[in-house]
Engineer: 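Sharing a structure, written as structure tokens. Questions coming.
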4 protein chains.
Amino acid sequence: MEEERTHEAHTIFSCACSCGQKCSFLLLPACPSKFSCLDNQMWHVGNLGKSGLRVSCLGLGTWVTFGSQISDEMAENLMAIAYENGVNLFDTAEVYASGRAEITLGNIIKKKGWRRSSFVITTKIYWGGQAETERGLSRKHIIEGLRGSLSRLQLDYVDIVFANRNDVNSPMEEIVRAMTFVINQGMAMYWGTSRWSAMEIMEAYSVARQFNLIPPVCEQAEYHYFQRDKVEVQLPELYHKIGVGAMTWSPLACGLITGKYSDGVPECSRAAMKGYQWLKERVNSEEGRRQLAKIKELHLLADRLGCTAAQLAIAWCLRSEGVSSVLLGVSTADQLLENLGALRILSQMTPQTITEIDALLGNKPHSKKELRA
Amino acid sequence: MEEERTHEAHTIFSCACSCGQKCSFLLLPACPSKFSCLDNQMWHVGNLGKSGLRVSCLGLGTWVTFGSQISDEMAENLMAIAYENGVNLFDTAEVYASGRAEITLGNIIKKKGWRRSSFVITTKIYWGGQAETERGLSRKHIIEGLRGSLSRLQLDYVDIVFANRNDVNSPMEEIVRAMTFVINQGMAMYWGTSRWSAMEIMEAYSVARQFNLIPPVCEQAEYHYFQRDKVEVQLPELYHKIGVGAMTWSPLACGLITGKYSDGVPECSRAAMKGYQWLKERVNSEEGRRQLAKIKELHLLADRLGCTAAQLAIAWCLRSEGVSSVLLGVSTADQLLENLGALRILSQMTPQTITEIDALLGNKPHSKKELRA
Amino acid sequence: MEEERTHEAHTIFSCACSCGQKCSFLLLPACPSKFSCLDNQMWHVGNLGKSGLRVSCLGLGTWVTFGSQISDEMAENLMAIAYENGVNLFDTAEVYASGRAEITLGNIIKKKGWRRSSFVITTKIYWGGQAETERGLSRKHIIEGLRGSLSRLQLDYVDIVFANRNDVNSPMEEIVRAMTFVINQGMAMYWGTSRWSAMEIMEAYSVARQFNLIPPVCEQAEYHYFQRDKVEVQLPELYHKIGVGAMTWSPLACGLITGKYSDGVPECSRAAMKGYQWLKERVNSEEGRRQLAKIKELHLLADRLGCTAAQLAIAWCLRSEGVSSVLLGVSTADQLLENLGALRILSQMTPQTITEIDALLGNKPHSKKELRA
Amino acid sequence: MEEERTHEAHTIFSCACSCGQKCSFLLLPACPSKFSCLDNQMWHVGNLGKSGLRVSCLGLGTWVTFGSQISDEMAENLMAIAYENGVNLFDTAEVYASGRAEITLGNIIKKKGWRRSSFVITTKIYWGGQAETERGLSRKHIIEGLRGSLSRLQLDYVDIVFANRNDVNSPMEEIVRAMTFVINQGMAMYWGTSRWSAMEIMEAYSVARQFNLIPPVCEQAEYHYFQRDKVEVQLPELYHKIGVGAMTWSPLACGLITGKYSDGVPECSRAAMKGYQWLKERVNSEEGRRQLAKIKELHLLADRLGCTAAQLAIAWCLRSEGVSSVLLGVSTADQLLENLGALRILSQMTPQTITEIDALLGNKPHSKKELRA
């Protein structure tokens with residue numbers, strides 16, 4: 001066996017934790033408080049849901065960017081920065097850029113020569129091709145789709161395979177059996193869901209228990225200032241009941257939060273891209289305008305806290321009890337470094353700040369009351 | 001053995017079905033079209049969810065009224081009118097009028113001497129007394145609470161025992177085991193849930209399957225013009241997946257729909273009663289005022305269809321795919337006869353009328369999309 | 001404990017078996033060949049299917065007769081003759097004569113004072129009353145219906161409770177759970193099916209195995225010269241796979257076989273009774289006429305064998321591999337004694353005779369071929 | 001990774017659906033009505049039973065033709081036409097032409113280079129060789145037989161492996177365990193039954209549930225004008241209860257329906273081939289003659305609808321509720337194109353036309369009555 005090399009994390013920012021030990025800010029192997037800091041309310045690396053898998057609290061997504069919006073060189077640069085700063089989670093999907101996101105990701109991993117055991121790769125299956133049999137969550141497509149992904153990624157296995165959405169035309173038993181099959185074949189370590197309802201996740205769990213199959217460990221969900229209900233109300237309940245963790249995406253609401261669209265949709269932005277007409281419409285809607293007003297206030301708060309609006313938004317996501325990891329979508333190194341800086345202000349996500357943001361947003365969901373009335 | 005008496009239904013309204021045969025309008029023993037009328041889209045007596053239990057599509061509730069708002073003579077009068085017109089479902093709860101609703105209901109049943117097998121009694125357990133151990137869904141309270149109900153009802157068993165709300169402090173396994181216990185003891189034929197979320201119901205089902213216990217057959221849910229989501233979107237999915245039926249209550253939104261509050265809250269109405277401050281506030285809120293405007297339009301539609309606003313509202317509830325039975329809450333014989341008359345206009349719940357009402361309400365929930373996009 | 005009295009069977013006919021021992025012809029406690037005679041091809045008392053329950057190969061039915069066509073005195077007389085000749089099986093149903101068949105049967109049993117352990121009582125549940133909830137196989141009706149039957153029979157339990165037909169509107173899980181419940185409550189020893197398809201019986205077995213419930217032991221099926229398929233092809237397969245036995249009825253095809261209708265429908269016959277118009281039509285149909293021609297030939301064969309046409313028909317039923325017991329429907333003592341005499345000619349049901357009858361009937365069903373081609 | 005080629009469907013016939021969009025007539029990726037047309041009563045691609053597998057409603061069979069009756073060039077030609085017109089289902093069996101059908105099919109697939117995920121291959125196991133151990137459904141033969149098929153097909157897996165008939169000498173547990181094994185080994189995606197009785201399929205399901213094995217998804221059954229019972233009565237029940245779909249064969253009753261044999265058996269027809277003596281006898285029997293008379297009437301009806309008798313027969317099969325796919329057996333390109341044209345007239349399978357055909361055939365099976373009588 002070759003010698004196991006120690007991961008030498010490059011510390012850019014100092015750790016916000018008060019444990020007193022020197023450690024890189026994301027991977028904190030020696031932190032006595034189990035990689036969680038500040039009275040366990042924030043953490044840098046932690047377990048994904050109640051599974052044993054350790055993921056960094058920030059992950060790098062490849063949606064829109066890899067194999068499409070950005071060059072392969074930029075993709076490699078972003079991966080390197082992320083990895084060196086302790087990000088161990090990289091997320092993709094068979095449908096991203098028609099498979100090219102996976103190809104780019106796979107090429108970079110191969111080139112870098114990082115130990116396979118030092119990072120976590122996740123992909124998502126649902127839309128794999130034009131043929132009827134290449135879409136959905138049939139056993140055929142889950143298996144063939146994942147084989148295609150592994151081939152493009154040049155990997156023997158992914159760490160988590162997600163069902164990219166639920167397929168009401170495939171029976172839950174077939175889906176859970178197929179996910180269990182790919183895990184038992186060694187093609188994936190775990191499986192998860194993406195954009196499923198709480199009831200559907202519970203149904204998957206029910207079927208897994210009924211037939212002694214493997215239940216999902218994680219739900220990927222959209223989560224930001226303007227989309228809170230599922231992650232703040234439903235997923236914590238699932239976490240407590242069946243251990244499912246939350247990996248969230250779009251912390252900046254497709255850029256809405258950065259203030260990019262405060263004065264309309266610029267030519268070069270995502271909302272102006274082909275296929276993103278819906279985003280443009282959303283920005284220009286009445287609701288969109290109300291949201292932009294709130295974003296301006298959040299910018300003032302960020303100024304006060306000495307961080308950017310994006311950092312505040314990401315740190316705000318991380319403060320949520322059920323969130324295991326937040327996926328970042330960036331197209332430049334500066335954006336990435338800025339986003340990673342969100343960890344610096346985790347310590348400022350105090351109850352007072354949280355309350356202030358909630359008041360400002362005015363959309364705090366009612367959590368399930370536990371009163372016996 | 002006492003002689004088996006034939007049920008002599010008193011026919012008030014003629015049957016809306018086109019079978020051509022003379023029959024009472026709720027129980028149609030001779031109807032050749034499987035007791036369903038109008039091309040099987042509407043029905044008078046049907047199965048509760050996918051269970052084998054046959055319930056009339058209108059049931060009589062006892063909330064607020066029995067043992068409290070109305071005299072025992074009036075209660076008896078209402079029961080007699082309902083039973084003679086084919087209503088076979090009578091619903092109560094241990095908490096209604098602190099147990100007096102059950103006592104009144106039990107006394108009437110005993111006095112009338114109706115065959116126990118000819119009707120369905122349901123009660124609900126959660127709030128049974130002042131002591132800590134007399135509330136919630138602990139095994140102790142489910143069993144002790146139901147024993148108390150049976151004693152007050154002077155019955156050996158109820159047909160369905162409902163958990164009146166979920167109890168997040170009792171483990172689901174304990175709840176489902178206790179429900180299975182009371183069924184296996186013969187104290188109830190079935191069990192159901194009341195005001196549980198879809199995920200909680202799925203969890204109960206999951207636990208039942210995992211430990212070979214008995215799953216619930218029915219959810220009691222609020223359903224009327226202004227509360228649609230759960231009954232129209234979530235319960236149909238549960239019905240298709242695990243067979244759970246819907247028994248709905250408040251078809252008139254606590255009287256809001258009858259126009260009673262159109263000019264403010266009258267002294268003698270429910271909204272003026274002690275403990276109903278919330279209803280008064282609701283009526284007087286901005287949202288409440290918007291709803292009252294819509295109700296005025298619905299009155300015009302009812303006029304056009306030749307029925308009352310209450311009849312239209314009840315028939316509208318019955319047209320919903322997942323609804324097995326609608327519970328009526330009435331305090332006078334006239335109200336009851338008027339409500340029962342809703343069956344007369346079931347045949348007018350055509351797609352056109354439904355579309356017109358949806359446009360008027362403007363709150364039709366999106367059903368789950370099945371597109372593979 | 002009171003002394004166990006020996007059952008003194010009144011031997012009318014000498015036993016056809018070659019075991020050499022003196023024994024009453026139905027109950028043969030000392031027969032060394034396990035109550036089966038003649039190379040195990042015929043038997044007098046045997047196990048019902050693969051269950052442990054021992055039933056006489058001829059049973060007494062109460063359909064049409066008890067509580068209706070015949071007087072209670074005649075019913076008592078028939079029961080006594082049957083019991084004294086070793087018949088230990090008496091079958092009824094909640095629907096027969098609207099419950100009066102059960103009342104008559106119960107009164108006779110009580111009056112006679114026979115030991116409860118010395119005979120087998122079976123009843124059937126499905127049609128129990130006029131109310132919607134008093135019919136079908138809901139849990140409610142199975143339990144309430146059987147309680148009603150036990151009350152009319154003045155018994156604590158029946159030996160087998162049958163589902164009188166399948167109820168496609170009740171889920172199989174509910175039916176099997178309810179049957180298991182009444183057995184666990186001590187209200188029945190076993191449960192069975194009546195007029196169910198092979199697939200439905202297999203489904204009941206499947207559900208019983210899946211949820212660790214009690215599977216059925218027996219199917220009641222119509223069986224005679226002109227109705228052979230189910231009993232000769234499907235039930236033997238079920239017997240071998242899951243142990244379900246066959247208890248058959250109408251060995252004389254409602255009298256058709258006795259020659260009663262050979263010259264038209266006489267005034268006093270069953271086919272002339274109210275509600276039996278279908279039988280009259282059947283007798284007078286083209287198919288009916290073809291069958292009557294065959295019956296004439298079978299009369300000649302009976303003459304040759306020295307028995308009556310009815311005896312031949314009953315013995316022919318008993319020769320079938322899967323048949324555990326044949327239920328007789330008689331209205332006079334002479335008829336009963338004649339029918340019981342069928343046992344005398346069991347020894348003449350040789351392969352040659354069977355072949356001759358098959359040739360004559362021309363409707364021998366193809367048994368499932370086991371060839372590997 | 002090789003470049004993902006878009007499926008370029010060659011549109012021969014215009015789509016019968018009213019979606020207004022241009023699309024190939026079988027695979028309708030852009031059809032807004034969920035790939036189903038004509039009010040969801042007919043479809044072009046759909047799920048196989050309740051499984052997630054998407055199959056085209058017409059499939060290409062290889063029985064009699066591949067590796068035997070037709071040249072390999074013709075076979076390739078037929079496959080190409082079928083695939084280009086949206087057929088994604090190709091069926092074979094180890095026994096067809098003693099394995100040569102599979103060899104031919106495999107060679108063509110390899111030569112064409114179609115993406116494996118874009119089509120569905122099914123084969124059937126039962127008769128694999130001369131040795132005793134090479135036939136039937138022993139675990140040994142299921143595994144060895146399928147390995148042989150995969151080797152001849154030059155594939156890693158088939159999509160569905162069928163048990164070509166039931167084997168009463170192999171215990172059901174062994175069969176279901178072996179099928180589960182080959183699926184868990186990745187040698188097949190699903191398993192199905194061919195020519196099994198409804199009870200046998202239910203038994204397989206029961207065993208699968210009892211031992212937590214994988215249940216079958218599909219039954220292959222003969223289905224045409226003169227063979228209706230199983231597909232119209234029994235399979236729909238199985239579909240509703242356990243999700244098993246129907247893939248049917250012989251839509252033209254071995255050519256009987258095309259009128260080929262109306263004037264006797266021509267020298268060159270299938271009925272004149274060696275080993276098809278049974279077909280010749282059937283054509284010449286009294287029953288056969290009655291059927292030919294009806295076929296003449298159906299030709300007149302086809303004329304009236306503007307289609308051929310074969311097209312009418314195939315469209316008639318597709319109109320049946322439980323049928324997921326109809327397998328075509330053709331030996332020329334013209335025949336195939338004609339058969340595929342059946343989709344054009346799906347819209348003419350109106351209730352009136354169906355009623356007319358039923359009257360003409362006079363053999364409409366009674367569906368299970370749901371009356372509570």
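The chains referred to below are lettered A, B, ... by the order of the sequence lines, with proteins before strands, and numbering in each begins at 1.
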Engineer: Under 4.5 Å from any heavy atom of chain A, what part of D:Tyr157 do you find: side chain, backbone, both or neither?
Structural biologist: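 The answer is the side chain of D:Tyr157.
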Engineer: Ignoring hydrogens and angles, tell me if any N or O in the side chain of D:Asn212 forms a donor-acceptor pair with the backbone of A:Phe211 under 3.5 Å.
Structural biologist: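 Checking the backbone N and O of A:Phe211 against the side chain of D:Asn212, a donor-acceptor pair under 3.5 Å is found.
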Engineer: Apply the test side-chain contact (heavy atoms from CB on, under 4.5 Å) to residues A:Glu174 and D:Val217: give CA-CA distance (whole Å), side-chain angles for both, the deciding distance (0.1 Å), then the verdict.
Structural biologist: CA-CA 10 Å; A:Glu174 179 172 338; D:Val217 296; 5.6 Å; no
Engineer: So how far is it from A:Arg177 CZ to D:Ile183 CD1, rounded to the nearest 0.5 Å?
Structural biologist: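 Going from CZ on A:Arg177 over to CD1 on D:Ile183, the span is 9.0 Å.
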Engineer: Please check if the number of heavy atoms outside D:Lys111 that lie under 6.0 Å from its NZ is greater than 12.
Structural biologist: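 Atom NZ in D:Lys111 is not packed in, count stays at 12 or less.
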Engineer: Distance-only, no hydrogens or angles: does the A:Asp167 side chain make a donor-acceptor pair with backbone N or O of D:Gly52 under 3.5 Å?
Structural biologist: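 Flag not set: sc A:Asp167 to bb D:Gly52 has no pair under 3.5 Å.
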Engineer: Looking at A:Glu132 and D:Arg54, would you say the former's side chain and the latter's main chain have a donor-acceptor pair under 3.5 Å?
Structural biologist: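 Answer holds: no.
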Engineer: For a side chain to side chain contact (heavy atoms under 4.5 Å, CB included) with D:Ser117, tell me which candidate from A:Arg135, A:Glu144, A:Arg147 qualifies.
Structural biologist: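 So the option named by the test is A:Glu144.
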Engineer: Is it the side chain or the backbone of A:Gln210 that comes within 4.5 Å of chain D heavy atoms, both, or neither?
Structural biologist: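 When you check distances to chain D, no heavy atom of A:Gln210 falls under 4.5 Å.
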Engineer: Sort D:Arg116 into side chain, backbone, both or neither according to what part of it lies under 4.5 angstrom from a heavy atom of chain A.
Structural biologist: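 Both backbone and side chain of D:Arg116 come within 4.5 Å of chain A.
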Engineer: Could you give the distance from CD (A:Glu173) to NZ (D:Lys50), rounded to the nearest 0.5 Å?
Structural biologist: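 Here the rounded value is 12.0 Å.
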Engineer: Name the region of A:Gln154, side chain, backbone, both or neither, that has any atom closer than 4.5 Å to a heavy atom of chain D.
Structural biologist: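 For A:Gln154, there is no contact with chain D at all, as no heavy atom is under 4.5 Å.
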Engineer: Under 4.5 Å between any side-chain heavy atoms of D:Val120 and A:Lys140, yes or no?
Structural biologist: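 When only atoms from C-beta onward are counted, A:Lys140 and D:Val120 do touch, with a gap below 4.5 Å.
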Engineer: Considering only heavy atoms, which portion of D:Ile160 lies under 4.5 Å from any heavy atom of chain A: side chain, backbone, both, or neither?
Structural biologist: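 Contact with chain A involves no heavy atom of D:Ile160 at all.
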Engineer: Which atom names give the shortest non-hydrogen contact between A:Glu134 and D:Ser118, and what distance separates them?
Structural biologist: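 Taking every non-hydrogen atom into account, OE2-N, 3.8 Å.
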